[in-house]
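Have a look at the structure below before the remarks.
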Protein chains: 2
Amino acid sequence: MDTVAITEKMKAKGLRITPQRFSVYANLLSRCDHPTVEEILGDLNQEFSMSSKATVYSTLSALKDVGLVREVLLEDGVSRFDANVMKHHHFRCRQCGSIEDLAWEVFHPPLTNLLRPGLEVEAYEATLHGLCDRCQ
Amino acid sequence: MDTVAITEKMKAKGLRITPQRFSVYANLLSRCDHPTVEEILGDLNQEFSMSSKATVYSTLSALKDVGLVREVLLEDGVSRFDANVMKHHHFRCRQCGSIEDLAWEVFHPPLTNLLRPGLEVEAYEATLHGLCDRCQ
DNA sequence: CTTTGTGCAAACGATTTGCAGGATG
DNA sequence: CATCCTGCAAATCGTTTGCACAAAG
C-alpha cells in the first residue's frame, strides 16, 4: 500500500496525520507478524529517533478505536497488534512464539444449539497451537 | 468434591499439602467462573487471614505445573484460573466480562488441509464473544 | 531433621497518565 | 489559532523474586 493510500485510510477514519502515526500504521501494514510496541518502536527508531514509547501506545490505541488495527492477546503478557482486521484465526508456535494468521474457513461456525439458552454470540475466534515448520 | 478427595488429588500429583494450598484448590473447584488471583485471595481472607498474594501465585503455579488447573488469558491483561482441565471453549460477555465454559463439541475440528503445509497443530481452543442472558 | 512452603517487601516489566511544549488542520 | 499530538518522567498494576522464618513429611 502506498503513502497516499495509507494517509487516505487514516483520514477517512478522522485521524489527524502526523509522521509518528503514519509510520506506526505503515509499519504494521508492512509486517505479517504481530509485533509488540517494543518491536514497532525499534523499527521506527532504527535510523533516527522517530517516536517514543508513549506515542506508539497512544497511536495504536487511536488506530484500534477507529478499527484500523486489532489488538491480539496471546500466551505472553504482552499486547500485540495486527493491521489485518478481516476475520481470521491465529496459529502460535509453542517453540519460537511466532504468530501467524489463518484463514477464517479453517473452522466451521460454532454449533450454537449446543450452548445453554440465553447466550447471544456476536463473534468468535480460535487459536491453534503447535510447531511451525522452522521449529520441527 | 469432599476434603479427602481434594487432598488425595493433590497428593497423587506429588504436591505437599498445606492449608493455603488446599484452600486455593478447593476454592477454584467450587467456582464456575474463572477467578483472578485477587478474587481467590479475597475469598480466602474473607473471615480471617488465610493466605498472601505471593502464596496464591505460587500455589497456582504449582497446581498448573502438575496439570490440576489451567491458566486462562482472555481480553484483559489479567491471569485467570480454571480447575476444569477438560478440553473446552470459552464464552465471554462483553458487557459484564463474565466467562463461562462451553462444551468442546461446539466446534468441529479445524480443517487443517486449509493451513499452509508445515504447521503441526497440537491443540486449539476458541473464544466466543457476546452477551450473556443477564446483560441482554 | 531435611525439605519445601509462607509472607513480607522490594524488584520488575508492561502500560497509563500528567503535563509543558510543539505540530496539525 | 484552537485543537490535539508528542515525549518525557512519574505513577500504576499485575506478577516475580529474595529471604528469613515456619510448617510438612
Side-chain angles (χ1 to χ4, degrees), chain A residues 3-4 6-27 34-45 48-66 68-81 97, chain B residues 3-4 6-27 34-45 48-66 68-81 97:
Chain A
T3 302
V4 178
I6 295 174
T7 307
E8 287 310 317
K9 234 177 150 177
M10 296 175 76
K11 272 190 187 161
K13 294 290 189 176
L15 291 181
R16 187 178 278 197
I17 314 294
T18 69
Q20 289 80 357
R21 288 182 165 196
F22 176 87
S23 51
V24 166
Y25 187 41
N27 180 264
H34 297 65
T36 64
V37 166
E38 289 293 351
E39 288 164 349
I40 296 170
L41 189 62
D43 270 19
L44 301 199
N45 291 344
F48 52 98
S49 186
M50 178 76 219
S51 190
S52 72
K53 201 179 285 191
T55 299
V56 174
Y57 272 108
S58 119
T59 298
L60 288 168
S61 166
L63 287 166
K64 199 173 77 167
D65 288 347
V66 301
L68 286 181
V69 314
R70 182 183 298 183
E71 190 171 359
V72 182
L73 290 168
L74 298 180
E75 276 61 51
D76 43 12
V78 190
S79 287
R80 299 177 169 277
F81 295 86
Chain B
T3 301
V4 178
I6 295 175
T7 306
E8 287 309 318
K9 235 178 148 176
M10 296 175 75
K11 271 190 187 160
K13 295 289 188 175
L15 291 180
R16 187 178 278 199
I17 313 294
T18 69
Q20 290 80 359
R21 288 182 165 196
F22 176 86
S23 50
V24 166
Y25 188 42
N27 180 265
H34 297 66
T36 63
V37 166
E38 290 292 351
E39 287 163 349
I40 296 169
L41 190 62
D43 270 20
L44 301 198
N45 291 343
F48 52 98
S49 185
M50 178 76 219
S51 189
S52 72
K53 201 179 284 190
T55 299
V56 174
Y57 273 108
S58 118
T59 298
L60 288 168
S61 166
L63 288 166
K64 200 174 76 167
D65 288 346
V66 300
L68 285 182
V69 314
R70 182 183 298 184
E71 189 170 359
V72 182
L73 290 168
L74 297 180
E75 276 61 51
D76 42 12
V78 191
S79 287
R80 298 175 169 280
F81 296 86

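Quick caveat: nothing in here was measured; it's all calculated off a predicted structure. Per chain, numbering begins at 1; letters A, B, ... match sequence-line order.
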Interatomic distance, Thr59(B) atom OG1 to Leu44(B) atom CG [nearest 0.5 angstrom]: 9.0 Å
Starting from C1' on dT4(C), measure out to CZ on Phe22(B) and report it in whole angstrom. 20 Å
Minimum-distance nucleotide to Ala54(A) side chain [options: dC5(D), dC8(D), dT6(C)]: dC8(D)
Would you say Leu73(B) and Leu73(A) make side-chain contact, with heavy atoms under 4.5 Å? no
Think Tyr57(B) has a side-chain N or O under 4.0 angstrom from the OP1 or OP2 of dT16(D)? no
Strictly distance-based, threshold 3.5 Å: is any side-chain N or O of Arg21(B) a donor or acceptor partner for the main-chain N or O of Arg16(B)? yes
In whole Å, I'd like the distance from the CG atom of Leu60(B) to the C1' atom of dT16(D). 14 Å
Can you name the closest pair of heavy atoms from Glu71(B) and Phe81(B) and give their distance? CG-CE2, 3.9 Å
Rounded interatomic separation in angstrom, taking CG from Asp65(A) and P from dT16(C): 11 Å
How about Met10(A) and Ile6(A): do any of their side-chain heavy atoms sit closer than 4.5 Å? yes
Residue-phosphate contact under 4.0 Å: Ser51(A) side-chain N/O, dG7(D) OP1/OP2: yes
May I have the distance from Tyr25(B) (atom OH) to dG5(C) (atom P), rounded to whole angstrom? 17 Å
Out of dT6(C), dT6(D), dA14(C), whichever nucleotide has its closest atom nearest the side chain of Arg21(B): dT6(C)
Hey, what do you get for CD1 (Ile40(B)) to NZ (Lys53(B)), rounding to the nearest 0.5 Å? 12.5 Å
Within the side chain of Ser49(A), is there an N or O that forms a donor-acceptor pair under 3.5 Å with the backbone of Asn45(A)? no
If I take atom CG from residue Leu68(A) and atom OH from residue Tyr25(A), how far apart are they, to the nearest 0.5 angstrom? 4.0 Å
Quantified as the angle between the terminal helix axes (five pairs each), what is the overall bend of the helix from dC1(C)-dG25(D) to dG25(C)-dC1(D) to 10 degrees? 40°
Would you indicate, yes or no, if dG14(D) has its OP1 or OP2 atom less than 4.0 angstrom from a side-chain nitrogen or oxygen of Ser79(B)? no
Rounded to whole angstroms, how far apart are NZ on Lys53(B) and P on dG7(C)? 14 Å
Please report the distance, rounded to the nearest Å, between CD in Glu39(A) and C1' in dA14(C). 14 Å
I need the CE-P distance between Met50(B) and dA23(D), as an integer number of Å. 13 Å
Can you list, by residue number, the residues of residues 7-20 of chain A that have a non-hydrogen atom closer than 4.0 angstrom to DNA chain D? Arg16(A), Thr18(A), Gln20(A)
Nearest-nucleotide comparison on DNA chain C, the residue closer to the 5′ end among Arg80(A) and Ser58(B): Ser58(B)
